[in-house]
2 protein chains.
Amino acid sequence: MEQGQTRNRSWDQELRSRGYRVTPQRQLVLEAVAALHHATPEEIAANVQRTAKGVNISTIYRTLELLDSLGLVAHTHLNHGAPTYHLATEAGHAHLVCQDCGKIDEASRETIAPLAQALDEGHGFETNVSHLTIFGRCRECRATDA
Amino acid sequence: MEQGQTRNRSWDQELRSRGYRVTPQRQLVLEAVAALHHATPEEIAANVQRTAKGVNISTIYRTLELLDSLGLVAHTHLNHGAPTYHLATEAGHAHLVCQDCGKIDEASRETIAPLAQALDEGHGFETNVSHLTIFGRCRECRATDA
DNA sequence: TTACGTGCAAAGTCTTTGCAACCAT
DNA sequence: ATGGTTGCAAAGACTTTGCACGTAA
């Protein structure tokens, strides 16, 4: 509760200070993103339906785009289709997606750090770790298939 | 010429040996993928239009899916929208996409190797390097923006 | 000859946009 | 009051699918 209020207050001000308004829809979307980890716009919409009368899907899209641009949430592409959103504060890890079974694992920032450093030094490139999704095959599928 | 024929012969047999037919459309699509690097289905369709009367867009999709499943081509997601295809033989590098200006750079397999090894040892995960796309900011945008 | 493959058109999925009504400030 | 926001519906981008005709083997 205490934590929740503290969090609310901070993104409230983040919005207001940039001239955006704080609306119930935006609050609900942010709460859904926090509750569901790696949620698609559809899943976020479904989650929000349960609490309130519902937030229109186009508002979900517009809100996610806004929160993403403000750096409050981040998204990555885990599968072929829809992107998944998560809180920016719980970012910092990359995703490992198995192309055989679809299982999703996480790799810590520390695991990625050497690569990020190499790309910085070799290409001057600043890696967005929380957006990073790595495709391949998981341990189980490697053992099974061949 | 010699090389072209050699390449043709090999994928011809790859198709036939698995019970698929060799058609002019499949040949054109594969040639387009070879000629255009990182091409979307639309771009491949456009390229094919110039040579022949045209290959229907749905055939492009079906052919790319087939060639991908056979391991003759590979695809990655460079931007928000359509995937891009390239020859499997010219794979082995990852892509660095600047989220500010959209510029695409390439990172060699050697640059990625330490990460791939770390993921193998730590997670038992086999990285698909040619599918790997890393988002972030390029040198120029980092210098300009801040 | 005979399945497999193609073209065409329609439908499907995911996302964006125009606009009038609404509400946070 | 007043300009950012929302809901709704229509449009848009990208991809898939059903079916009859065409063609590689």
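Below, all heavy atoms of this structure are taken into account, side chains as well, without hydrogens, waters or symmetry copies. All chains are named by letter (A, B, ...) in the order of the sequence lines, taking the proteins before the strands, and each is independently numbered beginning at 1.
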Inset, instruction - Mind checking A:S58 for me? I need base, sugar-phosphate or nothing, with any heavy atom below 4.0 Å counting as a touch. - result: base
Inset, instruction - Have a look at A:R16 and say if it touches a base, only the backbone sugar-phosphate, or nothing, with a 4.0 Å heavy-atom cut-off. - result: sugar-phosphate
Inset, instruction - Respond yes when some side-chain nitrogen or oxygen of B:N56 is under 4.0 Å from OP1 or OP2 of C:dC8, and no when none is. - result: yes
Legend entry - Side chain to side chain, B:I112 and B:R109, heavy atoms closer than 4.5 Å: no
Inset, instruction - For A:H77 and D:dC14, give me the distance from atom NE2 to atom P, rounded to whole Å. - result: 14 Å
Legend entry - Under-3.5 Å donor-acceptor pair between A:R62 side chain and D:dG7 base: yes
Inset, instruction - With the side chain counted from C-beta on, respond yes when B:E106 and B:L96 share a heavy-atom pair under 4.5 Å apart, and no when they do not. - result: no
Inset, instruction - Indicate, yes or no, whether a donor-acceptor pair under 3.5 Å links the base of D:dG3 to the side chain of A:R21. - result: yes
Inset, instruction - Find the distance A:L28:CG to D:dT5:P and express it as a whole number of Å. - result: 16 Å
Legend entry - Contact nearer the 5' end of DNA chain C, comparing B:G19 with B:T59: B:G19
Inset, instruction - Calculate the interatomic distance between B:L67 atom CG and C:dG5 atom C1'; express it in whole Å. - result: 13 Å
Inset, instruction - Report the distance from atom CG of A:D68 to atom P of C:dT16, rounded to the nearest whole Å. - result: 11 Å
Legend entry - For B:H95, the option from B:H37, B:H77, B:H38, B:H131 that meets ring-ring contact (aromatic ring centres under 6.0 Å, His included): B:H38
Inset, instruction - Could you pick out which residue, B:E65 or B:P24, lies toward the 5' side of DNA chain D when each is mapped onto its nearest nucleotide? - result: B:E65
Legend entry - Below 4.0 Å: OP1/OP2 of C:dT16 and any side-chain N or O of A:Y61: no
Legend entry - Atom-pair distance (CZ on A:R26; P on C:dC22), nearest Å: 19 Å
Legend entry - Any B:I44 side-chain heavy atom under 4.5 Å of B:T40 side chain: no
Inset, instruction - Respond yes when some side-chain nitrogen or oxygen of A:Q25 is under 4.0 Å from OP1 or OP2 of C:dC23, and no when none is. - result: no
Inset, instruction - Write down the atom of A:I60, the atom of A:A45, and the distance for their closest heavy-atom approach. - result: CD1-CA, 3.8 Å
Legend entry - For atom CG of B:L66 and atom P of D:dT16, their distance in whole Å: 13 Å
Inset, instruction - Using atom NE2 of B:H80 as one end and atom C1' of D:dT15 as the other, report the distance to the nearest whole Å. - result: 15 Å
Legend entry - Phosphate-side-chain proximity, B:T23 and C:dG5, N/O vs OP1/OP2 below 4.0 Å: no
Inset, instruction - Mind calculating the distance between NE2 (A:H75) and P (C:dT15) to the nearest angstrom? - result: 10 Å
